[in-house]
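Worksheet for the structure shown next.
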Amino acid sequence: MASIDEIKSRIDILDLAAEAGVKLRRTGRNYTGFCPFHSNTRTPAFVVWPESGTWRCFGECNEGGDIFKFVMKKEGLDFKEALQRLAEKAGVTLERLQPEKLEQKEENQRLRNLLEDAVMFYRHQLLNTEAGKFALTYLLEKRNLTLPTIEAFGLGYAPHSWDATLNYFRGKHYTEQDILDVGLLSERENGGYYDKFRHRVMIPIRDENGRMTGFGGRILDPNDIPKFMNSPQTVLFDKGRLLYGLDRARKPIRAADQAVIVEGYLDVIAVHQAGYENVVSPMGTALTEDQLRMLKRFTRKIVLALDPDVAGQKAVLRGLDAAREAMDREEEHGFDARGLLRHESRLQADLRVATMPDALDPDEIVAREPAEWARLIADAKPIVEHVLDVLVSEQDVNDPKVKAEIASRVLTLIEDLQNPVERDSYRQMLARRLKVDERSLTGPKRVGEAVRRMPARKAEPAPSPSAAPLAVPVSPFRKMEAACLGHVLRRPDLLPRLDRRLQESGLSALSVADFEYTDYQAILLLIQGSLEQDEADTTAFVSARLADELSETHSELLAQPVPKGADDRLLDELTRQVLQMRRTVLSESVNQLRFLAEETHASELNRSAQQYARVLQAIDQARKRLSEYRRE
Ligand SMILES: [Zn+2]
């Protein structure tokens, strides 16, 4: 992954703003406050969007950008300096892009294509073959899935054969090594290969951006083992950094401001089908810190709805340690005790546990009665209560050693809570349940003596921040900008024609102001520079002048799908992309401005809103014209 993306994933724009002394207030999906760059204490015209990691001042500055731009403006740095500053803060090592890395990237894309092919192959086996009928009947009748659900999740069937997959891909001119590399083959001890997944329901596992990474396979024959088998660790598949279903669930999670975690993929699918789409699964392992960090970008409210067995309960406790690690890290980021922001963020890290009744799994609950799911999730217990219940129920609380152990465990959780009233009431509850005097429970230090002598169960040390790259949820917004800029980078000759077209519609030419992200702005400037100098080979011109730090961004843009078609169609497509990009930003801005204007009665904001709305109209007219060109 590009270091720039990794830095973006590790540094929260909200933290940066808080450290700069900006007090932010949550207003829907975003936060508003007073702009730190111009003096004004009347109109809070500064808006932050945590999901895309961007900000904008709708007041005097009338500009915005990403975390880098924020630091550049705040500290008076250039992009390179801001990048270094934030890389250090995030614990990311900036490396020059080695040619091997570029090759790796292309290789990964090739392997992803192979996996997409495999999705189609297994799907065909499930839906169109005699051999797949049994699996299809199982999904429809035993798991109560519908055909549209099966299609939407791309489910398939791996044939009952040692070499069906192998032969299929050989026929498509893939090497055995390729098929092995994506985890679809196993190696025989005496050489040779065989299909890893046989006679199983195949569940494609995608990353949060919808890219293929591997498969989960569920048995159809109850005698087969293991019941669930995932792809082995490959360059694309790293279970600890994936959450099954997140590609489909990220929007619903954001909308509901809540993520529900279930154990298995089939639970995710069944619960989605029942209409609850904010559900993901760590695929049979305890939650990892990386997984929680991914979720944290979408919500701080997490409900663990795990299977009612002992393993499930244990998984909750293990997941809890990971969760606390993920949260503790946030404080280390220098979260400053200034005003509302800290308070709110703390409260948002809200972990609950939903207990499934009658020993039923989540998919059985929604099959019994979909509305019951909503009730169970609404009734989820705060984690402190749940842990206390579990610990007390399985041990003898009259044993003083057990008392001390439970107290230390639960007090740590209680101390995590920001609200002093809540802390008090949980301490009382703990004292009652352990039958001890509440005064002995005033904090972990007081029971410390007793606890220290015991082999306390300690959470695994967190990996150092730079140990491994995280999977980064790329904001849809950044994707949109990347698609557009990638297009311009490959076909810079279209740029003058695009600009002419925009101007004919009364719109401004493409400029850095169209891009929120600093790295993209820098690359656009280079492309424009090359055109001004009449350079024949823009890619070479841009590469030659590219700062090292931008080379990864550059090669990622070049890795975008190559636009195809006649020039006029390409120009239409590019125009459409630019208009779409502007439209998205402008309509968001208009909404935001109207909201701010209403709240603060600031007439200048209303005037800006009207101006923006006029541009929006011009854009819509241009879009209309564009669709007319197409029809001709
Ligand atoms: Zn400002």
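Just follow the structure's listing: the first ligand is 1, and inside any ligand the first atom is 1.
Taking the six-membered ring for Trp and the full ring otherwise, the centers of Phe46 and Phe34 sit at least 6.0 Å from each other. Taking the ring centroids of Phe37 and Phe70, they lie under the 6.0 Å cut-off.
Excluding waters, the count of protein N/O/S atoms less than 2.8 Å from the Zn ion (ligand 1) comes to 4.
Arg478 has a carboxylate O that lies under 4.0 Å from a charged side-chain N of Asp519, or vice versa, which qualifies the two as a salt bridge. Ion pairing of Asp238 with Arg241 is present here, as a side-chain N (NZ or NE/NH1/NH2) and a carboxylate O approach within less than 4.0 Å.
For Glu75, the CD atom is densely surrounded, since the number of other residues' heavy atoms within 6.0 Å is greater than 12.
Checking Lys69, Lys8, Arg56 one by one against Glu516, the salt bridge (Lys or Arg N to Asp or Glu O under 4.0 Å) holds for a single residue, Arg56.
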